[in-house]
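These values consider heavy atoms only, across backbone and side chains, with no hydrogens, waters or symmetry-generated copies. All values reported here derive from a predicted model rather than from experimental measurement. Below, chain A is the first sequence line, B the second, and so on; all start at residue 1.
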Amino acid sequence: MANVSRDNGEAGRAPAAIPRRAFLRHTAAAATALGLAGTLARTERAAATDGTPTGPRLRQWVMVIDLRRCDGCAGLALPPQCTQFCNWSRFVPEQQQWLEVYEKEIVEDLPDSGVNYLPAPCMQCQNAPCVNVCPVGATFHTPEGVVLIDQERCIGCRFCMAACPYDRRFFNWGEPVQPPQVKAAPYNVQTQTPAIKGTVMKCDFCTERAAAGGLPYCVEGCPRGAFYMGDLEEDIATDGQKVVQLSRLLRDNEAFRYKEELGTRPRVYYINGHGEEAPRATSHEETFRKADLEWPWVEIVRVAEARRETSA
Amino acid sequence: MSPSTTDPSLESLALEPLVGLGRRFLLLVAGLLVVVAIGVVAYAVQLVEGLQVTGMAPTVNKVMWGIYIINFVFFIGISHAGTLISAILRVSQAEWRRPITRMAEFITVVALSVGALMPIFDLGRPDRIPNLFVYGRWNSPILWDFFSITTYLFGSLIYLYLPLIPDLALCRDRLSARVSRPKRWLFHALAVGWQGTPGQRAALARALTLMMVLIIPIAVSVHTVVSWIFAMTLRIGWNSTVFGIYFVAGAIFSGTATLIIVMAILRRVFRLRPHIPDRQFVNLGYLLAALSLVMLYFNLSEYVTAGYKLEEGEAAHLGSILVGAFAPWYWFYVLGGLVLPALLMLAPWTRTFWGVLAGAVLADVAMWVERYIIVISTLRTPQMPYTDLAAYLPTWVELAITAGAFALFALLIACFAKLVPIVSIWEVREHEEEAGAQPRPEAREAVPRGLGPAVGLGIVVGAALLAALLPGAASAGGRHERPGAGAAAEGSAPPRMSAPAGPGDSTRLAVLIAGAARLGEPLRITATLTTAAGRPVPGAVIRFLMPGAWGEIEGDVELGAVKTDSAGLARLAASARRSGMVEIRARFEGDGRLGPASAAAAVTVATGGQLYRPKMPAVSVRASGLAPWLLGAALAAVWSLYIVVARLVLAIARAADLPAPAAAGVTDVGRRRFFRGLVPAGMHAAIAPVGLGLVGVIARSPYTHDNLEGHRPGRGYRRTPYAHVGKRAPMPPLPPVLEREVSFSREVLPVLLANAGPHVVPPKSSPPPRGIRLDGYDRIMAREGLVVPGKPERSELVRVLVDPAMRMPPSIPPLPGEQVQVIVSWVAQGAKNN
């Protein structure tokens, strides 16, 4: 070959430490990458000004849960209605509880101190571990501060589930059972319908309702009125009956956030209590009926399918 | 190459297996293929049914990672065998590594390939793998895995291939007559015309030096980022800063153990005992023992510090490992896998081949168990107030896929061993020659020349740092957005007085609002309470109210209740969070002596920008700025160096101008040149696009995501409608009323029965939502406000179908337009029971 590398064959001349062309090439490659970097830095800043919505002020959703009013619906001898309403309304797949009510003893090892109940929706963390680790950005923040999941992008690696310190994310291990009209509807990221096999789902603060001036199903369905839906931007909150100033509600009741020390900066505040404001018949004999939660359309769909199979 | 003066039996022993396929080999391959096939069938079942066929599903989302991830970490771990033996020992010029480097390099490449498959088996949507490239987020640990494993795989392949070149040339020269034609072509292509000329040797030495220095940090990075899959979460047991180095030590440990086992098998099968004496195993055994002591130290460090403090949750986790459900596994791992191998090397009577082999087998099994403990024990430690639920039990699908993976590992090694010599013949010879002769000039010069690439790398990385710092510093300054606070403007609205009312001693209240009438600025409200005669009333509680609304819920928001001072003044400062006309009402409820009074004042608040912006931390390794450019520069530098190596291989190919020996089997010069050029061309064709692709994923990343910082939506981000303050989506217009008469029983009721869920099929444990039943005319009409005959716009039943704010549980799914029209028409026509 005529253009044999000059490095070899020329006797007596010590070859270059790195072939010159190779050095230039690899610097050029790196420089191209940096050039790209420079362009990107500029374009990113440009996007910053036209990407963020300016002008009309955006809601910044927040939830306040008053634990003085929550008794886990044990005093009503019902399964937690907040979870039940959420299950019905979102066609939550079986065994998933996007809003889950936990029962915990108030003082460790003192059974007479009783239990209190902790309804835990997705905390919509501002420093969300799930958003940080997602490899494809399937879970993301909306400008209103809510964390959503694009189930058409999710690859089902479940890293977000491992990262969530509140156990608030759920996976569709098989084909989720939902009514046929839900399955046939076009995919909507705001309502997470229809549920897609092999993807992750969670509480989404019912933003399509809240944005229209309504309330999430848990807020509406709680028979004790323990939930407030609020907006940090307008500094306002409501429990479905009355409207209050959010900052005052949080300050006057010394509201706290769960596992705040982890630095997740959640958007769900709690007002400490043990259900003392929930009217109850008895205090110790109620039972927490979480095991009676239903996913009723599962039964409906199964019965319908069985009927179809026997008739077919 | 000149005929060697060394022991010919090494050559014949190493080359003989490459000729022909024995019956034993075919049986082995057949058996392994059967196991692999079972694994493939199991995966097919999983693809069809979903991951519910695994043992992770019954744990109700608590154990969401299982045996696939355990295998992933294990296989990537044992892939560090090659790096340690080949690279570190080569760098430190430890000569005893020479006969075993090739086996080590095999293991690396095969283990990486099998390990990289494992996360794919774990994915819920493997059909969406392209999303990793198209939408990959550079700041996700999974992407770091992807980058570093790909880089390491390519690096190990190169590093396996380079020392193979002289041996492949030997195969080409000695075996061409005895192997099939495709194999002959393979040798020709892979040998890239090696003839042992000084120029070729120099190029090979340079390439090897470059790779051996480069591959060490790459390998360290690989298992570090694998450990960060766990350590970047907040889970108890994973949330540890020591994971990076702990995993790397464990990887080298399990890699050494695997190497011992594979070496023992291959030495037996290929009868290489004279060339791989027991001494080699003892040396590796010392290495194993040293590493086991390091692992013991890490265990001590981790669990003593955690167990001393016993933070919330740590006690449960530690208990489960030391004395609880995982105790048998853990103590087997520590005593059987760490202490025993060290003891076996300590006692002289077990410091034999069999002792070392036993230690290695124990160590490998124990390291798999260690990965199991790390993954599962943490996932079974509750993060919320519940007691631990179902245990994780792998199903046949997971076990079959695992068995298939191990079979694939063995199969690939067996096939490699049949394709290329498993002992690096030329390196052993080189050492033997050196031991008897002068040190070769090329070998000496190779060391200083190794600095050349390092200098180039340093210049590139330094330039990258410098260039990256500039945009990073500039953006850091500009990125902190200041809240929309402007200078406090003066302004006050004229006070408005209203007449007091009420019995008793009447009082009068006056309200004044001072302060800026700008959004976010505090409104200073002063209320003055006086008696009718004008005397101030101290100590009275004045409530300040402001009308507020959430959708249709309207009411007075209490801003505060303040006591008047001695001058009868009550002061409150509240920031204006609503623009437009804001009315503040003050109210005195009155006590026994004094009558109530109220007053109001209005102020117009100018519109403004967003008040609440979540503050982003000042420093974050995740934020864009410096970090992605550093990562991109590092990747670009490494892949550029791969191209440098590819160029060196091309130089070897081009330097082969001497006529090849006649027995080479490919006589036509043009054909020879073609074969010689295949591999260098292939290397360039593989390295360049992959390297550019990886950097491209980083570069593209900011555009497809919203979640880097500051809520900046990227291009691929799925937008949802924005929710604005003060704006409410209007109720969409009702569909027009149908002309014809709509029948309740035939048209309306069936729609309700089909769609209204728990309103028509009451659940067993709960009442229907809000107590509303829709499964009969009487039930519907009995509920006040549900249906207002003749007025669909005031009927709740219609509103929940149409108004997005009121979509009632159970979320009667958006009904088709015709069905909504039917119901609207029925209500408009008087809601008759027809």
[X] side chain near [Y] side chain, heavy-atom distance below 4.5 Å:
X	Y	result
Leu234(B)	Thr264(A)	yes
Tyr217(A)	Pro769(B)	no
Val189(A)	Thr720(B)	yes
Phe159(A)	Pro141(B)	yes
Arg128(B)	Cys154(A)	yes
Thr54(B)	Trp173(A)	yes
Gln383(B)	Lys259(A)	yes
Arg248(A)	Glu558(B)	yes

Does the structure place the NZ or CZ of Arg209(A) under 6.0 Å from the centre of the six-membered ring of Trp550(B), at an angle of no more than 45° from the ring's axis?
no

If I compare all heavy atoms of [X] with all of [Y], which pair ends up nearest, and what's the gap?
X	Y	answer
Trp88(A)	Pro763(B)	CZ2-CG, 3.4 Å
Arg137(B)	Val131(A)	NH1-O, 2.9 Å
Pro385(B)	Lys104(A)	CG-CD, 3.6 Å
Tyr722(B)	Glu144(A)	CA-OE2, 3.1 Å

Residue pair Tyr258(A), Met384(B): steps toward the side-chain contact (heavy atoms from CB on, under 4.5 Å) verdict:
CA-CA 10 Å; Tyr258(A) 197 53; Met384(B) 296 296 275; 3.6 Å; yes

A quick test of your reading: do over 12 heavy atoms of other residues, nucleotides or ligands sit less than 6.0 Å from CD of Gln241(A)?
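Counting neighbours around CD of Gln241(A), 12 or fewer heavy atoms of other residues, nucleotides or ligands fall under 6.0 Å, so no.
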
Between [X] and chain B, which part of the residue has a heavy atom less than 4.5 Å away: side chain, backbone, both or neither?
X	result
Ala185(A)	neither
Gln151(A)	backbone
Gln245(A)	both
Asn87(A)	neither
Val243(A)	both
Pro179(A)	neither

Under 4.5 Å from a heavy atom of chain A, the part of [X] involved:
X	result
Leu650(B)	neither
Pro721(B)	both
Lys764(B)	both
Arg235(B)	side chain
Asp803(B)	neither
Trp639(B)	neither
Ala549(B)	backbone
Leu635(B)	neither
Pro382(B)	neither
Met546(B)	neither

Donor-acceptor pair, side chain of [X] and main chain of [Y], under 3.5 angstrom:
X	Y	value
Ser140(B)	Val133(A)	yes
Arg57(A)	Thr607(B)	no
Asn61(B)	Phe170(A)	no
Arg158(A)	Trp65(B)	no
Arg770(B)	Glu220(A)	no
Arg125(B)	Lys197(A)	yes
Glu233(A)	Tyr612(B)	yes
Gln81(A)	Ser766(B)	no

Would you mind telling me which of [options] has the largest number of heavy-atom pairs within less than 4.5 Å of chain B?
options	value
Gly263(A), Gly214(A), Ala237(A), Ala162(A)	Ala162(A)
Gly240(A), Pro296(A), Ala212(A), Ala128(A)	Ala212(A)
Thr238(A), Val244(A), Val200(A)	Thr238(A)
Gln96(A), Gln190(A), Glu105(A)	Gln190(A)
Ile155(A), Asn127(A), Ile196(A)	Ile155(A)
Pro165(A), Ala211(A), Ala163(A)	Pro165(A)

Kindly compute the distance separating [atom1] ([X]) from [atom2] ([Y]), expressed to the nearest 0.5 Å.
X	Y	atom1	atom2	answer
Gln610(B)	Leu58(A)	CD	CG	5.0 Å
Leu143(B)	Cys134(A)	CG	SG	9.5 Å
Asp235(A)	Arg578(B)	CG	CZ	11.5 Å

Leu215(A) and Ile553(B): side-chain contact (heavy atoms from CB on, under 4.5 Å), yes or no, with the steps?
CA-CA 10 Å; Leu215(A) 290 170; Ile553(B) 305 168; 4.0 Å; yes

Among [options], which residue forms the greatest number of heavy-atom pairs with chain A at distances under 4.5 Å?
options	value
Gly551(B), Gly555(B), Ala57(B)	Ala57(B)
Ala574(B), Pro767(B), Gly696(B), Ala723(B)	Ala723(B)
Val60(B), Asp127(B), Ile229(B), Val53(B)	Ile229(B)

Step by step, would you call Glu294(A) with Ser765(B) a side chain to side chain donor-acceptor pair (under 3.5 Å)?
CA-CA 8 Å; Glu294(A) 289 175 55; Ser765(B) 310; 3.2 Å; yes

side-chain contact (heavy atoms from CB on, under 4.5 Å) between Cys157(A) and Asp122(B), worked out
CA-CA 7 Å; Cys157(A) 68; Asp122(B) 189 62; 5.7 Å; no

Residue pair Leu51(B), Phe171(A): steps toward the side-chain contact (heavy atoms from CB on, under 4.5 Å) verdict
CA-CA 10 Å; Leu51(B) 282 160; Phe171(A) 188 66; 3.7 Å; yes

